[in-house]
Amino acid sequence: MGYRRADGRIGVRNHVLVLPVSYEMNQVADRIVRQVPDSVTFRNQHGIDQSGDDLRQTLRVYEGFATHPNIHGVIILGWGHEPYDLQSIAATAEAAGKSVELIVLEQVGGMRRAIELGVARTRQMVRDRDAVQREPVPLSEIILGTECGGSDACSGISANPALGVTSDLLVNAGGTSILSETTELMGAEHLLAERAVSREVGDRILYIVRRMEQNAMKMGVDIRGAQPAPGNIEGGITTIEEKSLGCIHKAGHSPIQEVVEYAERPTKKGLIVMDTPGHDIEQMTGMVAGGAQIAIFTTGRGTPTGCAIAPVIKVSSNSFTYQRMQDHIDLNAGTVIDGTETVQQVGERLFQLMLNVLSGQQTKAERLGHREFGIYRIGQSL
């Protein structure tokens, strides 16, 4: 069950988003959402000091969020000195069928008036969206973002392969699944390239891994020496190759149809690779901006994060973390380690949970109000 949008896409949530396009507007966004708690926002770390490809990538994220199928309406908040065409962002959202309000701080006379206007318009959008009802929608219109964070020695044995089963079930139903985290494909990229539907797609997988490594080396960092992270090592992972071989299990066994850049919307259905960093929040933001309506996040250490506009299902790789982090974890895949369930059984249970969440069941990250946000930077702040 979901919301059919004017542009043909399917939403699984019906949010009114207060979107600050620069960090200068975070305070205004916070004040609006405090007065209209049925709306959502996030803290933005980005602003006026970007250019070139970095700026274009940031704009792609804003447009991805403003037009996202989980969004009913959007309040766009600008200071007035951003290097963005704010009218263009608003027009793009309107073209996608969204209710849109653009408030520019400089033009309305400052913070108090911006909050007053924002609260009034947000309240109206919330009233309007409450009239929209869910309806039966096909699974083929769903895009799933897959993510792992705080991985441990169990991740590649239990939670990640179980998510791979769920990913394959969605792909077999005609849907789309995104594998990201380019830094955590290193050492396993040749195996993924062999699963590509064409030589071109396979070469693209090898290229994005090589590019990520070379960019890190320009900063004097040997990324193969920087991974696994200290938390991964404490969790029992010994090498980046071991981490990567566990990571790619999230993608199941489906053929890879396409490789897209950060925050780009896939043009094909099936299993997709998106070029993102391993940073949990930046990769989540990229996949959601690219159209993912839902994400499944596996964790060995219990990473407590979520997303403002998309439900995030948390899956623990071991029962110890599940017992300690029950406020955050939706499903325990540690039963595979305990020997009480198979990977296939956990994957099918996770798939059913995903269906429930798609139809409106709240995840623990949603109940706790997790609304983390971060954009992958590819350039310097100026």
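Here the structure is a predicted model, which is why all the values come from computation and not from measurement.
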Applying a strict under-4.5 Å side-chain criterion to I, L, V, M, F, W and Y, I'd like to know whether [X] and [Y] cluster together.
{"X": "V18", "Y": "V36", "value": "yes"}
{"X": "L169", "Y": "L139", "value": "yes"}
{"X": "Y3", "Y": "V100", "value": "no"}
{"X": "I89", "Y": "V104", "value": "yes"}
{"X": "L86", "Y": "Y62", "value": "yes"}

Does one side chain, of [X] or [Y], offer a donor that lies under 3.5 Å from an acceptor on the other?
{"X": "S167", "Y": "S177", "result": "yes"}
{"X": "E348", "Y": "Q344", "result": "yes"}
{"X": "D330", "Y": "T363", "result": "no"}
{"X": "D275", "Y": "T182", "result": "yes"}
{"X": "D280", "Y": "T305", "result": "no"}
{"X": "D338", "Y": "T335", "result": "no"}
{"X": "R349", "Y": "Q352", "result": "no"}

Salt-bridge test for [X] and [Y]: reply yes if a basic N is under 4.0 Å from a carboxylate O, no otherwise.
{"X": "R113", "Y": "E116", "result": "yes"}
{"X": "R367", "Y": "D327", "result": "no"}
{"X": "R56", "Y": "D53", "result": "yes"}
{"X": "D7", "Y": "R9", "result": "yes"}

Are the side chains of [Y] and [X] in contact, using a 4.5 Å heavy-atom criterion?
{"X": "C148", "Y": "K250", "value": "yes"}
{"X": "T276", "Y": "Y376", "value": "no"}
{"X": "I32", "Y": "L77", "value": "yes"}
{"X": "I272", "Y": "Q257", "value": "yes"}
{"X": "V74", "Y": "F65", "value": "no"}
{"X": "E24", "Y": "L105", "value": "no"}
{"X": "K314", "Y": "K364", "value": "no"}
{"X": "N44", "Y": "F373", "value": "yes"}

Next on the checklist: Quick check on side-chain contact (heavy atoms from CB on, under 4.5 Å): which of V343, L350, V346 does V165 satisfy it with?
Outcome noted: V343
Checklist outcome for this item: With V16 as partner, the option from T122, I71, D130, D128 fulfilling side-chain contact (heavy atoms from CB on, under 4.5 Å) is T122
Return yes when atom [atom1] of [X] has more than 12 non-hydrogen atoms of other residues, nucleotides or ligands closer than 6.0 Å, and no otherwise.
{"X": "R129", "atom1": "CZ", "result": "yes"}
{"X": "R112", "atom1": "CZ", "result": "no"}
{"X": "H253", "atom1": "NE2", "result": "no"}

Would you name the heavy atoms of [X] and [Y] that are closest together and state the gap between them?
{"X": "S22", "Y": "E82", "answer": "OG-OE2, 2.7 Å"}
{"X": "I329", "Y": "Y322", "answer": "CG2-CD1, 3.5 Å"}
{"X": "L271", "Y": "S254", "answer": "CD2-O, 3.4 Å"}
{"X": "T41", "Y": "L17", "answer": "CA-CD1, 4.3 Å"}
{"X": "A365", "Y": "V312", "answer": "CB-O, 3.9 Å"}
{"X": "A308", "Y": "H15", "answer": "O-NE2, 3.8 Å"}

Item to check | side chain to side chain contact (heavy atoms under 4.5 Å, CB included) between E147 and T303, worked out | outcome: CA-CA 11 Å; E147 180 169 350; T303 308; over 6 Å; no
Checklist entry - How are the rings of H328 and H370 set relative to one another: parallel (under 30°), tilted (30 to 60°) or perpendicular (over 60°)? => result tilted
Item to check | Check against salt bridge (Lys or Arg N to Asp or Glu O under 4.0 Å), R377 and D54 | outcome: CA-CA 6 Å; R377 293 292 303 269; D54 194 51; 2.7 Å; yes
Next on the checklist: Could you check whether any side-chain N or O of E372 sits under 3.5 Å from a backbone N or O of G306, counting only pairs where one atom can act as donor and the other as acceptor?
Outcome noted: yes
In residues 199-209, what donor-acceptor pairs under 3.5 Å come from side-chain atoms, sequence neighbours left out?
unit_1: R199; atom_1: NE; unit_2: D203; atom_2: OD1; d: 3.3
unit_1: R199; atom_1: NE; unit_2: D203; atom_2: OD2; d: 3.4
unit_1: R204; atom_1: NH2; unit_2: E261; atom_2: OE2; d: 2.4

Please list, one pair per line, the donor and acceptor atoms closer than 3.5 Å that link side chains of residues 281-295 to other protein atoms, with sequence neighbours excluded.
unit_1: Q283; atom_1: OE1; unit_2: S180; atom_2: OG; d: 3.2
unit_1: Q283; atom_1: NE2; unit_2: E181; atom_2: OE1; d: 3.3
unit_1: Q283; atom_1: NE2; unit_2: G278; atom_2: O; d: 2.8
unit_1: T285; atom_1: OG1; unit_2: I281; atom_2: O; d: 2.9
unit_1: T285; atom_1: OG1; unit_2: G374; atom_2: N; d: 3.1
unit_1: T285; atom_1: OG1; unit_2: G374; atom_2: O; d: 3.0
unit_1: Q293; atom_1: OE1; unit_2: I143; atom_2: N; d: 2.6
unit_1: Q293; atom_1: NE2; unit_2: I10; atom_2: O; d: 2.9
unit_1: Q293; atom_1: NE2; unit_2: E141; atom_2: O; d: 2.9

Item to check | W79 and M25: CA distance, side-chain angles, deciding distance, side chain to side chain contact (heavy atoms under 4.5 Å, CB included) verdict | outcome: CA-CA 6 Å; W79 171 29; M25 298 306 292; 4.2 Å; yes
Item to check | Criterion side chain to side chain contact (heavy atoms under 4.5 Å, CB included) on L185 and L179, from CA distance to verdict | outcome: CA-CA 10 Å; L185 307 182; L179 173 68; 4.1 Å; yes
